[in-house]
Amino acid sequence: MKASNDQGKKFSGQEILRDLIPLNSLTENRYKEITGTLTIEDISAGSYLFGEGDRDNRSIYLLDGVINFIDASGKVTGVVAAGTDPARYPIANQQPRLITARAATKSVIAYVDSTLLDVMLTLDQSAEDKSILTSTATSEDWITRMLQSEAFIRLTPSDIQRLLMKLESVNVKTGDTIIRQGDEGDYFYIIKSGKCSVTRLASGEGWDVPLAELSDGDCFGEEALVSDSKRNATISMITDGTLMRLSKKDFVELLKKNLVHYMDYKLATAAVAEGAVWIDVRLTDEHSRHSFENSINVPLSMIRERASGLDPDKKYILCCDTGRRSAAAAFLLSQRGLDVCVLEGGMNKSIPADLLGITTDTLPAAAPAGIINLDRKITAGSKSQKLAEKNNVSDQNTGRLSILQRERDMARKESLHAQNQLAALRQDFAALQTYMVSYIAKSALLETAIRDEKQARTVLTELIDRMAEQAMSPKKEKW
């Protein structure tokens with residue numbers, strides 16, 4: 001890469017940000033939006049910006065200081081200094097990271113979400129999007145808020161572009177009913193401007209119960225589209241405004257496929273054995289009758305309020321009778337950044353018949369292995385004996401499987417521990433190598449100083465000897 005004429009130049013404030021690539025190609029409004037989400041951070045010498053193999057989805061720029069690139073062996077393979085042409089570009093921007101970056105000196109970095117930056121560039125460079133978006137910063141706030149939500153941040157830039165092209169703008173007035181409880185789902189909505197109220201008809205009563213208030217950038221109408229069911233609430237405008245709507249067909253193609261993932265029963269039980277958690281989204285009465293052992297019961301109507309209490313580091317497998325309610329719950333939890341999957345086909349269809357314990361049509365259906373069924377009954381006689389023998393063999397196999405799973409989990413933990421130790425050793429080795437380079441440089445300086453001191457001592461000794469000889473020799477008489 002050819003260095004620019006500004007190589008070595010130091011920047012400050014907005015000047016350096018506006019010179020960064022590709023921020024320098026954004027229009028003024030887009031530039032203000034992206035710098036509004038940009039983070040500037042001081043880092044100390046020796047701190048790591050990222051490691052090889054990391055996926056952080058950040059575009060990182062060096063504003064001040066020096067950064068070293070380190071390979072897997074701990075060797076320094078490259079250097080970037082602030083104010084040079086390479087520092088105008090995101091640092092080693094491949095994902096996953098191909099190399100480790102460490103601060104060689106006290107430095108200042110700036111970073112921004114890579115997906116958001118890519119989307120802003122796509123919008124700026126696509127002439128078609130001007131049919132939906134105006135040029136005012138106020139009208140673009142809803143886009144920034146929308147793109148930063150989990151529902152959209154997982155989309156590829158091309159899918160986001162297609163979605164924006166499919167959105168239809170609708171002007172609405174105060175009091176307009178946008179969706180009505182009990183209607184079929186037809187559109188997904190994003191609020192561009194204005195405010196909405198969410199209400200639900202009280203069970204057995206004749207009045208609406210207020211649930212929430214939505215504003216710019218908020219989305220609604222997804223549950224009926226994901227679960228292919230009726231609208232479960234009424235949403236009305238409480239101010240004038242503008243909505244962006246997406247048809248059910250486009251919603252399923254562009255959004256649902258990215259946020260709702262399915263897993264068959266075999267893979268789901270394997271995931272649970274490795275630490276995933278069942279979430280049963282049916283009603284409490286349904287869950288109490290029969291359910292997966294150790295499953296958490298969070299009815300669909302309570303998913304939003306209970307989502308914050310779920311562990312973001314765990315994987316959750318969502319289930320219900322048919323898969324419809326769990327699909328709607330999965331969409332809502334995915335929007336909030338949780339790792340979730342839906343039991344494919346639901347509990348009624350996805351669980352193999354042999355696991356249900358069904359042998360003849362005279363025997364009542366029993367719950368699958370791992371399911372607690374309070375209504376389970378077994379008839380007396382030979383059929384009961386055969387079923388008991390079958391269950392005994394199944395218990396033995398389950399016991400052996402549990403032992404193998406525990407051994408596998410222990411091996412995985414030991415492997416992970418070894419990998420962590422190796423990573424720590426690599427970091428220590430890299431730090432030691434840097435120290436060694438510094439030590440060698442200091443040693444060379446010290447050797448030079450010692451050599452100079454010896455030479456000076458020799459010269460001084462010779463001078464003293466000459467002066468002593470002159471002082472001790474008899475002075476010649478003058479005639």
Side-chain angles (χ1 to χ4, degrees), residues 33 36-37 113 115-116 119-120 123 129 132-134 136-155 159-160 163-164 166-181 183 185-200 208-227 231-248 250-252 254-256 258-260 300-308 310 327-338 340:
E33 285 187 75
T37 66
D113 185 277
T115 302
L116 184 60
V119 169
M120 292 300 181
L123 294 175
D129 72 295
I132 334 175
L133 314 175
T134 63
T136 62
T138 302
S139 68
E140 291 172 349
D141 290 343
W142 71 275
I143 301 177
T144 302
R145 183 173 173 184
M146 177 192 77
L147 294 177
Q148 289 179 310
S149 71
E150 286 290 339
F152 295 90
I153 207 70
R154 300 185 187 187
L155 300 182
D159 278 347
I160 290 176
L163 183 145
L164 291 173
K166 297 288 186 179
L167 285 173
E168 177 186 359
S169 179
V170 180
N171 294 322
V172 289
K173 300 292 184 181
T174 303
D176 286 354
T177 298
I178 310 304
I179 63 176
R180 191 180 303 276
Q181 184 176 345
D183 287 353
D186 51 1
Y187 287 100
F188 169 70
Y189 293 90
I190 304 167
I191 303 176
K192 182 177 180 181
S193 63
K195 292 184 178 181
C196 303
S197 66
V198 184
T199 61
R200 183 176 295 155
D208 289 334
V209 178
L211 299 178
E213 187 174 296
L214 308 176
S215 59
D216 297 6
D218 286 332
C219 309
F220 62 88
E222 69 276 5
E223 287 185 44
L225 304 185
V226 174
S227 60
R231 298 290 195 188
N232 62 6
T234 296
I235 297 185
S236 306
M237 298 301 302
I238 54 179
T239 68
D240 292 350
T242 303
L243 304 178
M244 308 301 294
R245 69 182 187 182
L246 187 69
S247 70
K248 180 178 180 177
D250 293 328
F251 171 85
V252 170
L254 296 173
L255 277 175
K256 181 181 176 181
N258 287 284
L259 292 178
V260 181
L300 177 58
S301 61
M302 301 176 64
I303 281 291
R304 285 185 176 88
E305 57 190 85
R306 294 277 296 276
S308 59
L310 297 176
F331 187 89
L332 295 172
L333 294 180
S334 293
Q335 283 183 296
R336 289 154 176 79
L338 293 167
V340 297

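Just so it is clear, the values below take in all heavy atoms, side chains as well, and ignore hydrogens, waters and symmetry mates. All of these numbers come straight from a predicted model, not from anything done at the bench.
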Sub-4.5 Å side-chain heavy-atom contact between [X] and [Y]:
| X | Y | value |
| --- | --- | --- |
| T199 | L211 | no |
| I178 | V172 | yes |
| M237 | C196 | yes |
| L333 | L310 | yes |

N/O donor-acceptor pair under 3.5 Å between D176 side chain and K173 backbone: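 Checked: pair present.
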
Short side-chain to backbone donor-acceptor contact, R245 and L167, under 3.5 Å: no

Contact summary for C219 and F188, nearest pair of heavy atoms: CB-CZ, 3.5 Å

Shortest non-hydrogen contact between V198 and A233, atoms and distance: CG1-CB, 4.1 Å

Could you tell me the separation between the [atom1] atom of [X] and the [atom2] atom of [Y], rounded to the nearest 0.5 Å?
| X | Y | atom1 | atom2 | result |
| --- | --- | --- | --- | --- |
| Q181 | R200 | CD | CZ | 6.5 Å |
| L338 | I303 | CG | CD1 | 9.5 Å |
| L214 | I190 | CG | CD1 | 12.5 Å |
| D240 | K195 | CG | NZ | 13.0 Å |
| I191 | T239 | CD1 | OG1 | 8.5 Å |
| M244 | S169 | CE | OG | 4.5 Å |

Y189 and F220 aromatic ring geometry - parallel, tilted or perpendicular at 30°/60° bounds: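 Parallel: the ring planes of F220 and Y189 meet at under 30°.
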
Residues R231, D186: salt bridge by 4.0 Å N-O rule: yes

Side chains of S193 and D216, donor plus acceptor under 3.5 Å: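 D216 and S193 do not have a side-chain donor-acceptor pair below 3.5 Å.
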
T37 vs D113, side chain to side chain contact (heavy atoms under 4.5 Å, CB included): CA-CA, chis, key distance, verdict: CA-CA 8 Å; T37 66; D113 185 277; 6.0 Å; no

